[in-house]
Amino acid sequence: MIRETAGSAKTHAAARAGRLPKINPVFFVLAALLVAITLSNPNFVEPTGYMNFLKRAAPLAILAAGQIYVIVSGGFDLSAGSLITLTVVGSSMLLDNNADATWWVIPVMYAVGLAVGVVNGVVVSFLRVPSLIATLGMMITLNGAAFMWSSGSPRGYLPETFRFFGRVNLQGIPLVQFLPVALLVLMVVGTVLFWLMHRTNLGRMLHALGDNPRAAQMSGVPIEKVRIIAFVISSLSAVTAGILLGGFAGVSTDVGVGYELQAITACVIGGAQLLGGRGSVPASIAGALTLTAIFTLLNFIGLPKPVRDVVQGLILIVAVVLATYRRNRAGGT
Amino acid sequence: MSSPAIEMRGITKSFPGVKALKSVSFSAFSGEVHALAGENGAGKSTLMKILSGLYRPDGGAVIVGGTERHFTHPLAAIRAGIAVIYQEFSLLPERTVAQNIFLGREPTRFGLIDHRAMNDEARRVLALFGSAHRIEPDTVVADLDVASQQLVEIAKAVSLDARVIVMDEPTAALNEAECEVLFGLVDTLRKRGVAIVYITHRMREITRLADRVTVLKDGETAASFDHVPEPDAIVRAMVGRDLGDFYAEPARLEEIGDVVLSVRNAGNDRLKSVSFDLRAGEIVGFAGLQGAGRVALAQAIFGFTPFTEGEVTLAGTPARFTSPREAIRAGVGLLPGDRKAEALVLMQSVSDNGMLTARALSGLSAKADATPFVSAEEMETLLRNVDVRAGSFSQDIKALSGGNQQKAIVARWLALAPRLLIFIEPTRGIDVNAKAGIYHLMRDLARKGAAIMMVSSDLPEVLGASDRILVMRSGELVAAFPRGVSEADIMLAATGEEAVAA
């Protein structure tokens with residue numbers, strides 16, 4: 001039968017391709033963009049140039065590394081951006097300009113993140129609400145909560161102890177002169193999330209769940225548990241991103257606005273399958289860096305924020321189209 | 001004899017890396033059924049896709065009604081009177097029967113669609129098969145059963161005045177009664193002078209319907225008969241070897257051990273007071289019509305749609321499971337009947353598919369390549385042992401043939417060494433050699449002490465592969481037969497006709 005025949009032809013092609021190391025195209029795109037940035041601004045190759053770039057990209061990269069867990073499991077987490085806002089606003093309210101409170105405020109914010117993730121996961125798993133709707137509801141709720149908590153006018157600033165993570169550069173590091181703490185956080189989070197996704201059973205279960213939930217269930221995958229964990233990881237990464245953003249952006253009720261879509265865009269640029277079953281943590285981080293690089297480039301060119309939004313929207317669509325096209329050519333169904 | 005309705009001469013077609021057809025010739029005359037048989041991948045569908053204009057041949061000629069044609073588009077073939085009915089229907093589920101039949105060529109009146117004319121014409125076409133009362137033209141297609149949908153598909157072909165109708169494994173989704181309706185339909189079409197190309201690999205259908213038989217193997221004509229030969233001759237041509245050992249040896253008496261699964265008066269909303277035992281070392285076939293409750297029973301044992309009453313024990317301990325995970329933990333495995341929907345994770349590798357259940361039962365934070373049940377290397381060995389043919393086990397499983405996919409799912413369960421393994425339609429849609437492979441794997445597993453429950457709608461398979469046969473009807477177990485019972489006895493029990501006879 002033809003499907004079989006063509007299938008075996010594809011098998012041969014795939015086997016041939018398999019012998020060459022397959023590199024995700026996002027890394028080439030990122031490299032090309034970095035070259036373009038360097039050409040338009042030669043200072044970029046100096047540590048202050050690229051380190052500040054990485055520092056600025058770190059919150060989005062962390063958010064994308066968490067979002068990819070939900071995407072691979074077959075869902076979306078739209079509440080991530082509003083959780084960033086809640087983290088920043090909530091921290092400033094709890095800290096109340098008291099630097100000594102940092103040690104307990106951060107765990108409290110992670111507890112809030114854990115709760116948000118569990119609620120998202122439970123609503124999607126047990127109440128069967130589509131994740132798009134469930135997390136959209138959560139997004140509106142959290143934004144409202146942040147607004148109510150601060151009565152619409154968040155208080156002043158965050159103490160230095162809290163801003164340490166997002167703002168401080170560790171000096172005197174060999175080769176690179178200095179290392180932003182935010183980048184360090186990204187490397188640690190990235191490594192842990194990479195390991196969880198690509199080396200453990202959890203990662204394989206997430207892929208199976210997003211690929212075919214019914215087959216996963218009938219194969220013994222604890223689908224509810226796996227799905228809840230995915231949402232929790234996404235929420236915890238949002239809290240982490242919020243702590244970094246609070247460090248260098250300051251306090252406002254719109255600090256997290258739009259971050260959830262940027263994170264989803266980053267994952268798609270990294271080749272994630274939007275309906276689940278396929279995705280990679282390093283490629284999502286590279287996707288976040290790519291998106292930040294594009295914004296940086298647009299900044300250099302001097303384009304205003306609305307143009308950036310238009311570009312981001314177009315990138316999202318183009319990335320999905322390209323991913324679909326590639327998959328069809330690679331012989332998927 | 002007059003010239004054939006269609007003739008294909010020396011057709012050659014290559015795909016990258018594969019020579020799909022090597023100089024294949026084929027013809028069909030008006031008023032005959034020409035069966036086209038062959039294993040999956042033999043080239044049957046490629047040949048028909050060339051006939052229907054979906055593919056263009058690299059060499060050879062397609063002659064329709066005496067003139068050579070070069071179809072560049074399926075529409076051209078349809079206009080030339082060639083209709084192909086594929087396994088996957090091309091009907092729009094949310095439209096009515098009449099709308100589907102006239103899709104794209106609706107009759108109009110004052111520029112508006114003339115619904116009355118459309119419905120009348122649809123009724124007339126359906127009446128040709130005596131189906132006018134079974135199917136109303138204004139029924140929405142999604143509300144029809146599969147057989148009726150197929151009928152609509154055929155009616156569409158007839159209303160197009162097709163002189164040649166190609167049916168690609170039309171019974172794949174039909175039950176016994178529905179098959180009979182289809183066979184009657186084919187007879188009607190033949191009498192009306194339509195040339196029918198009937199693709200199948202079921203011997204029963206060939207014997208019942210065909211006037212001539214052509215067998216393809218590896219893209220070549222392996223045999224061509226101007227009459228219907230003995231089934232053995234066709235199978236030999238298809239497989240290229242004798243099939244003396246098609247089914248595995250039955251269990252010897254001493255191989256049958258203790259009771260593994262015991263079900264007593266168990267039921268739920270689809271099952272009524274079911275009682276039976278399964279013993280270690282035996283393969284028990286479950287026969288019955290579609291909807292008789294066999295799959296419901298399997299899913300109840302597996303905890304997917306649990307029993308609500310009765311007693312179930314597995315190796316002596318209570319075993320009324322409420323989730324598949326719980327059942328798997330206790331040593332029950334299930335190979336679903338719908339591979340794509342219920343068993344495979346298509347975007348993942350062959351190896352990941354094999355490892356899935358072993359990983360699911362291990363700790364979530366544990367390393368993925370070494371579960372307590374099986375390591376990644378052991379899975380590779382297992383996949384090789386069950387003869388999964390793939391370029392590499394790290395390639396996506398969706399590129400594999402149905403038979404190889406099924407064997408990978410068998411490997412998934414072998415890794416768990418279950419006490420009870422339930423196979424639902426284990427060989428649906430896979431080729432003859434792979435079928436034999438599955439039967440032998442089932443037997444090996446039974447020899448190692450597992451109990452095997454096999455739910456199958458393929459009667460020869462139930463008869464050939466089982467040590468014992470239980471028959472279900474309307475959610476109840478109605479008969480038990482030893483090995484060697486006749487197909488007729490099973491059908492009588494399955495349909496409940498014996499009550500009438502008695």
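Predicted, not measured: the structure shown is a model, and the values here were computed from it. All chains are named by letter (A, B, ...) in the order of the sequence lines, taking the proteins before the strands, and each is independently numbered beginning at 1.
Here A/D211 is the residue among A/L202, A/T200, A/D211 with the most heavy-atom pairs under 4.5 Å with chain B. Contact tally against chain A (heavy-atom pairs below 4.5 Å) for B/P324, B/A341, B/G333, B/A343: the top residue is B/A341. When B/N353, B/I409, B/I328, B/T371 are compared by the number of non-hydrogen pairs under 4.5 Å with chain A, B/I328 comes out ahead. If you tally non-hydrogen atom pairs under 4.5 Å between each of B/M48, B/R389, B/R325, B/M355 and chain A, the highest count goes to B/R325. Counting heavy-atom pairs closer than 4.5 Å to chain B, the top residue among A/M218, A/H198, A/Q217, A/R199 is A/M218.
When side chains are defined from C-beta on, B/V345 does not count as touching A/H207, because their heavy atoms never get closer than 4.5 Å.
Around atom CZ of B/R56, no more than 12 heavy atoms belonging to other residues, nucleotides or ligands sit under 6.0 Å away.
Looking at B/R339, neither its backbone nor its side chain comes within 4.5 Å of chain A, counting heavy atoms on both sides. In this structure, chain A has a heavy atom under 4.5 Å from the side chain of B/Q299, while its backbone stays farther away. For chain A, the nearby parts of B/L356 are the backbone and the side chain; heavy atoms of each come within less than 4.5 Å. Only the side chain of A/M205 comes within contact range of chain B, judged by heavy atoms closer than 4.5 Å. The parts of B/A366 that come within reach of chain A are both its backbone and its side chain, each placing non-hydrogen atoms under 4.5 angstrom from that chain.
With sequence neighbours excluded, the residues forming a side chain to side chain contact (heavy atoms under 4.5 Å, CB included) with B/A37 are B/I206, B/V215, B/I234, B/M238, listed by chain and number.
Nearest approach of B/A360 to A/P222, heavy atoms of both residues: O-CD, 4.1 Å. Across B/R359 and A/N201, no two heavy atoms sit closer than the pair CG-OD1, 3.0 Å. Residues A/I229 and B/L364 share a closest heavy-atom pair of CD1-CD1, 3.5 Å.
Here A/R278 pairs with B/D396 in a salt bridge; the nearest charged N to carboxylate O distance falls below 4.0 Å.
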